[in-house]
Amino acid sequence: MHYWLMKTEPEAFSLNDLQARGQEPWDGIRNYQARNFLRSMQPGDGIFIYHSRVAVPGIVGMAEVVSNARPDPTQFDPHSHYYDSGSSLDKPRWDLVDVAYRRSFTQCISLDSLRNMPEFADSPLVRKGNRLSILPITKSQWQHVLSLVEDDRQ
DNA sequence: GCCAACGTTGGC
DNA sequence: GCCAACGTTGGC
């Protein structure tokens, strides 16, 4: 059981979109470090969904890994924005996992507030210039964020 | 919409 | 194998 954070631009695909669909193949990851994280994911792993490129970027809710990593079909499709001519069917370069909706937080846990949490001091998430769209979350980071949203409900 | 920071590509 | 050029990410 591991925890992850996955970024998405809500203009392209938001947590609400995930909620509407129930689950979604998380395709289009074209960064080797992020891909390696995908490959280490297992069904049942927890995910924080993070909205980027918005006025208040931050964690907006939760999802769950519901498949093992498998080849991302968009890499083989010449008409796809994510097509990769350097990849082949017998040696796929890019993977995806299926992600299922779990929960929307009543209030976004903003990047600004994450920066002020000691739990996130060492996270790549708060480092300037960080572009990783998938990154690991520690148990203490997970629990701390959850404690904030529980408090929020009272 | 700007642009700093970063990862990738390709010429040499 | 270096590194300049390029494309992309994502905060602001």
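The shown structure was predicted, so the numbers you read here are calculated from the model rather than taken from an experiment. Per chain, numbering begins at 1; letters A, B, ... match sequence-line order.
Summarising the geometry, atom CD1 belonging to A:Ile59 is positioned 13.5 Å from atom CE belonging to A:Met6; distances are rounded to the nearest 0.5 Å.
Using modelled atom types, one finds no donor on one side chain facing an acceptor on the other under 3.5 Å when comparing A:Ser14 with A:Asn16.
With distances taken from any side-chain atom of A:Asn31 to the nucleotides B:dG7, C:dG11, C:dG10, the minimum falls on B:dG7.
As a whole-Å value, the separation of A:Gln33 CD from C:dT8 C1' is 16 Å. A straight line from CG of A:Asn130 to P of B:dG7 spans 9 Å, rounded to a whole angstrom. Going from atom CZ of A:Arg30 over to atom P of C:dT9 covers 11 Å, rounded to whole Å. To the nearest angstrom, C1' of C:dG10 lies 16 Å from CD1 of A:Ile134. At whole-Å resolution of the value, OH in A:Tyr82 and C1' in C:dT9 are 12 Å apart. Remark: P of B:dA5 and NZ of A:Lys128 are 4 Å apart, rounded to the nearest angstrom. In this structure, A:Asp84 atom CG and C:dG7 atom C1' are separated by 15 Å, rounded to whole Å.
The environment of NE2 in A:His144 is crowded: more than 12 heavy-atom neighbours from other residues, nucleotides or ligands sit within 6.0 Å.
Taking 4.5 Å as the limit, every side-chain heavy atom of A:Asp72 sits out of range of all side-chain heavy atoms of A:Asp84. Taking 4.5 Å as the limit, every side-chain heavy atom of A:Thr138 sits out of range of all side-chain heavy atoms of A:Ser123.
Against DNA chain C, the stretch residues 45-59 of chain A makes heavy-atom approaches under 4.0 Å through A:Tyr50, A:Ser52, A:Arg53, A:Pro57.
Paired with A:Trp142 under the rule ring-ring contact (aromatic ring centres under 6.0 Å, His included), one option of A:Trp4, A:Tyr3, A:Phe120 passes, and it is A:Tyr3.
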